[in-house]
Structures are given as structure tokens and as C-alpha cells.
A.B. asks: 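Next up is a structure, given as C-alpha cells.
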Amino acid sequence: MAGRKERCSWCGVKLVVPAEAQIIQCGACHRVTRVNQPSINFNPFIQATHNSINQAVSRLQTLMFNSAASPSSSTGTGWCSGAPAAACGYYNPPPPPPPCQPSWPSVPKPLMPPSSYGRKRALLCGVSYHGRSYNLNGTVNDVNCMKYFLVNRRGFPADSILMLTEYEADPYRIPTKQNIRMALQWLVQGCRSGDSLVFHFSGHGTTQPDYNMDEIDGFDETLCPVDFETQGMILDDEINATIVRPLPHGAKLHAIIDACHSGTVLDLPFLCRMNREGYYVWEDHGRFSSTYKGTSGGLAVSISACDDHQTSSDTTAFSGDTSTGVLTYSFIQAVENDRGLTYGNLLNAMRKTIREARSGIRLKGPIAALVNKVLGTEFPQEPQLTSSEKFDIYSKQFVL
């Protein structure tokens, strides 16, 4: 049978693939690409669409090799567990580049080529909503500090961390809805036992009515990409289906979500309900859903900024004149201060840090101005822990 043409998943070179082949090695970059078997009922339009998706994904993966060599430019001062400001990456955001809206094919759940990146992989999204009335000042600082923390304190390879912000020159690294969707799929693609994945999001979060009746409170939690006003929000149902359910046995995922209404934004089955004295019980939220919300054997844990009915904050209270997300700051500080801490100690330490902060608070929610005016510096925010399985939070160590 005659061969067909496919593009290399890594360098984009066109390859001639034998009809029966499922993988092929590129002669240019010598990397292996998985190819799809042609359908008996070949549809040129569908094939062209999938080719376009594979090209976009290939470009996204190629960026991983360059991310360490071309960090976001930064100046200024700030905190990051004793790290120098230049390493942490604090800066005052420059004027945004001209709007870039990449054209992504609208196809449900596109197949992605396998990835051969290391056993540790992270996706960091910082959305500032620059130039709008609800803009946030600390989100890019958050992801820069999270990258520094993961690389220099937790051994994540710099080229296995993908950052999406509005100040990236490449349009595929701008946190649009479609780019975030594709990046989430990249995060879990090829995941296997022993892998450690991190998803960090700093930006706006909100809620909307639950139409599939799987939420206790009747609302789905959502994350707001930079183009949410035109493209819509990313629902907790989709996040769960994309990065939680595919997680295989022996793999683990930690989500650190610095956004309003984010308590159950991964739709994990179990919520750790803890009081101020540190006593806790696991609430089973999975029983309210007819759809399975767990993993494929792995462990998924979400550490979120606040409960589903609460708002989270940007603040300069922790670092002088530098804005940071309250959750991101308190999370990194807690882990840095106690290298052997458990999940329970982590949650308590974060909550203690937040309760002690009494100034410089800026809420991230859409009614931020009104709430700040009414409440002043008092802010209702308690980090939450959800998981794909129940465990003893005071004996299980937190390990990325």
C-alpha cells in the first residue's frame, strides 16, 4: 500500500509513513512520533483539521526546550524564599504586546502525540487581564516564583515547565481558553507510574449554574482564561476529565489554584473539611455525581485558595510593594519553612499565614472594589484541600 504524509511531532518535518505504521522516527531530529491509523472512511476535512492540531501541539512541545533559555524579562525586588529578585522574576508588567489570537481548530478532544519529557512536569498559568477593570497585578509574579521554587527547590527540570502569561511573545503561550486546554492535555499526555505533575493557576475564578446536577451546591466552579468574555470559562467538569481521570496508577498530580471560588475546581471526590483547631473530616462529594470523578489509579490533590463560596486575594502585605497571590505566597513559604511537613501541617501553616496578614489586601473576585470598601483589610479566605482519595493528612507527607 502507498505511504501517507505526516508531520514530525517535534520539528514539524514532513515524513512519508508506511500505511501500516503506528510510529516513525524522524530523519531530521531522530525523535519518535506516533501516527494515527487512517480511517476506512477517509474524510479530507477531518484529516486536515487533525494535521493542523498536531502542528500546533508540536509547536507547543518544542517551546518546552526553549523555556529555560528564554525566561520572561524581569526587574525589581520581591520575595521568593530568600531567592534574588532576578531569579524569582518579579517585575512591573510592561505594556502588552499587540493582541494575538491564534486560530485553533475547534475539534473535541484532539489526539496529542506522546511526550518524552522527564518524570516531573508542570504547567503554570498566570492571567493578568491587562488593561481591564478587573486586572490582577500579582499573577505573573506568582508563576515566576512557582517556577523558581519547582526548579531550584524541588528538582523539576526547567525544560519540563510550561508557562502561559499574557506577556509571552509567542501566541501559543498566551493563556487563552484554547491554549490552556491544549496545555492541560500536554500535562498528562504520556504520563506513567512514578511521574509527578503540577498545575498552577493564578487568575480569576468564578461559578456558574450546574446543568448536569453533579454539584452539592448547584454550581460549577470555573477558571477564567484571558479571553473568557468571548470564549467562555473552563469548567471544573472539563478540568477533571482532562487531567484527573487519565492519571495512571503510581502517578501523582498536585494542583495549586490561586483563584476565587476554587475549593472544588478540580471536581475531586473528597473534600477535607478542617476547622480552625485543625480537626478535619473528609466529605464525599463523589456520591452526588453519576460521572466518575476519580483517577485511573493515581493520586490527584488540589490545594486551592479558598472555599467555593469565598474569594481570594492579591496583596502587597507579604512583600512590601510587590503584589502576590495570597495562596501562592503562603504555599511556598509553608513548604520552604518545613521540608518534612504533612498535608495537614501544610494546610494549617497556610491558613495561619493568611490570618496573620492584615493589610494590602486586594480581592480577586469580580466585586473586588465593593468588598474591599465594605470589609477593608479583613478578607474571608481559607485554603482548601481536595483529593481523589481519603488519607490521614497528619501522617501523609507532602512530596512533589
Side-chain angles (χ1 to χ4, degrees), residues 76-90 120 122 124 126 138-139 141-156 158 161 196-202 252-259 262-263 272 274-280 299 301-306 312-361 377 379 381-387 391-400:
T77 59
W79 68 276
C80 195
S81 308
C88 185
Y90 278 123
K120 293 187 175 186
L124 315 179
T139 55
N141 290 334
D142 287 345
V143 293
N144 282 333
C145 275
M146 185 62 71
K147 180 177 181 179
Y148 181 91
F149 168 75
L150 292 175
V151 172
N152 293 279
R153 300 291 196 265
R154 287 297 177 266
F156 277 64
I161 296 178
S196 176
L197 313 178
V198 171
F199 171 45
H200 175 226
F201 179 90
S202 182
K252 59 185 176 182
L253 164 72
H254 286 91
I256 299 108
I257 310 297
D258 204 340
S262 55
C272 179
M274 178 187 285
N275 65 16
R276 287 202 170 191
E277 286 70 43
Y279 295 100
Y280 74 95
L299 173 65
V301 174
S302 176
I303 299 168
S304 52
C306 56
S312 63
S313 311
D314 260 354
T315 181
T316 58
F318 300 115
S319 52
D321 59 352
T322 301
S323 291
T324 62
V326 168
L327 175 83
T328 302
Y329 178 94
S330 62
F331 168 79
I332 295 178
Q333 286 294 96
V335 177
E336 285 287 84
N337 290 338
D338 185 355
R339 295 301 180 92
L341 84 172
T342 63
Y343 284 90
N345 292 338
L346 170 62
L347 201 58
N348 281 317
M350 293 169 60
R351 290 184 171 192
K352 182 175 183 291
T353 298
I354 293 173
R355 285 196 297 266
E356 290 175 349
R358 290 293 182 266
S359 62
I361 301 304
T377 60
F379 56 105
Q381 179 174 354
E382 293 182 325
Q384 302 294 313
L385 174 69
T386 58
S387 175
F391 55 85
D392 182 351
I393 65 173
Y394 288 112
S395 64
K396 189 176 184 65
Q397 280 200 337
F398 172 79
V399 180
L400 288 177

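Values below: every heavy atom of this structure, side chains too, minus hydrogens, waters and symmetry copies.
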A.B. asks: Which heavy atom in Ser304 sits nearest to a heavy atom in Ser262, and how many Å separate them?
C.D. replies: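 Heavy atoms only, the tightest pair is CB-O, 3.0 Å.
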A.B. asks: Mind checking the CG-OG1 spacing from Asp314 to Thr328? Nearest 0.5 Å is all I need.
C.D. replies: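 These two atoms lie 9.0 Å from each other.
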A.B. asks: Restricting to non-hydrogen atoms, name the atom on Val326 and the atom on Thr315 that form the minimum distance, rounded to 0.1 Å.
C.D. replies: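 Looks like CG2-CG2, 3.5 Å.
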A.B. asks: Quick one: closest heavy-atom pair of Ala305 and Gln381, and the distance?
C.D. replies: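 In terms of heavy atoms, the two residues are closest at O-CG, 3.1 Å.
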A.B. asks: Hey, could you give me the CG/OG distance between Asp142 and Ser323, rounded to the nearest 0.5 Å?
C.D. replies: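 Reported value, rounded in 0.5 Å steps: 9.5 Å.
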A.B. asks: Out of curiosity, Asn141 CG to Thr139 OG1, how far, rounded to the nearest 0.5 Å?
C.D. replies: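 Result: 8.0 Å between the selected atoms.
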A.B. asks: So Phe398 and Tyr343, would you call those rings parallel, tilted or perpendicular, with 30° and 60° as cut-offs?
C.D. replies: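 Answer is perpendicular, since the angle exceeds 60°.
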A.B. asks: I'd like to know if the side chain of Lys120 reaches the main chain of Leu150, judged simply by a donor and an acceptor atom lying under 3.5 Å from each other, with no hydrogens or angles considered.
C.D. replies: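 Side chain of Lys120 to backbone of Leu150: no pair is present.
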A.B. asks: Does any non-hydrogen side-chain atom of Val198 lie less than 4.5 Å from one of Phe149?
C.D. replies: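 Not in contact.
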A.B. asks: Heavy atoms, side chains only, cut-off 4.5 Å: are Ser196 and Phe156 in contact?
C.D. replies: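 In contact.
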A.B. asks: If you look at every heavy atom in Ile257 and Leu327, which pair is closest and at what distance?
C.D. replies: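 Distance-wise, the nearest heavy atoms are O-CD2, 3.2 Å.
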A.B. asks: Once you round to the nearest 0.5 Å, how far does CD1 of Ile161 lie from NE2 of His200?
C.D. replies: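 Separation between the atoms: 12.0 Å.
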A.B. asks: Mind checking the CD-CG spacing from Glu382 to Leu347? Nearest 0.5 Å is all I need.
C.D. replies: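 Those atoms lie 9.0 Å apart.
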A.B. asks: About how many Å separate OG of Ser312 and CG of Asp258, when rounded to the nearest 0.5 Å?
C.D. replies: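 If I round to the nearest 0.5 Å, the distance is 5.5 Å.
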A.B. asks: Under a plain distance cut-off of 3.5 Å, with no hydrogens placed, do Asn348 and Tyr394 share a side-chain donor-acceptor pair?
C.D. replies: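 Per modelled atom types, Tyr394 and Asn348 side chains form a pair under 3.5 Å.
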A.B. asks: At their closest point, which heavy atom of Met274 faces which heavy atom of Arg351, and how far apart are they?
C.D. replies: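 In this case the closest contact between Met274 and Arg351 is O-NH1, 3.0 Å.
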A.B. asks: When you compare the side chain of Arg153 with that of Ile332, does any pair of heavy atoms fall below 4.5 Å?
C.D. replies: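 They are not in contact (no side-chain heavy atoms under 4.5 Å apart), so the answer is no.
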A.B. asks: Can you give me the closest heavy-atom contact between Leu400 and Arg154, atom names plus distance?
C.D. replies: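 Looking at all heavy atoms of both residues, the closest pair is CD1-CG, 4.0 Å.
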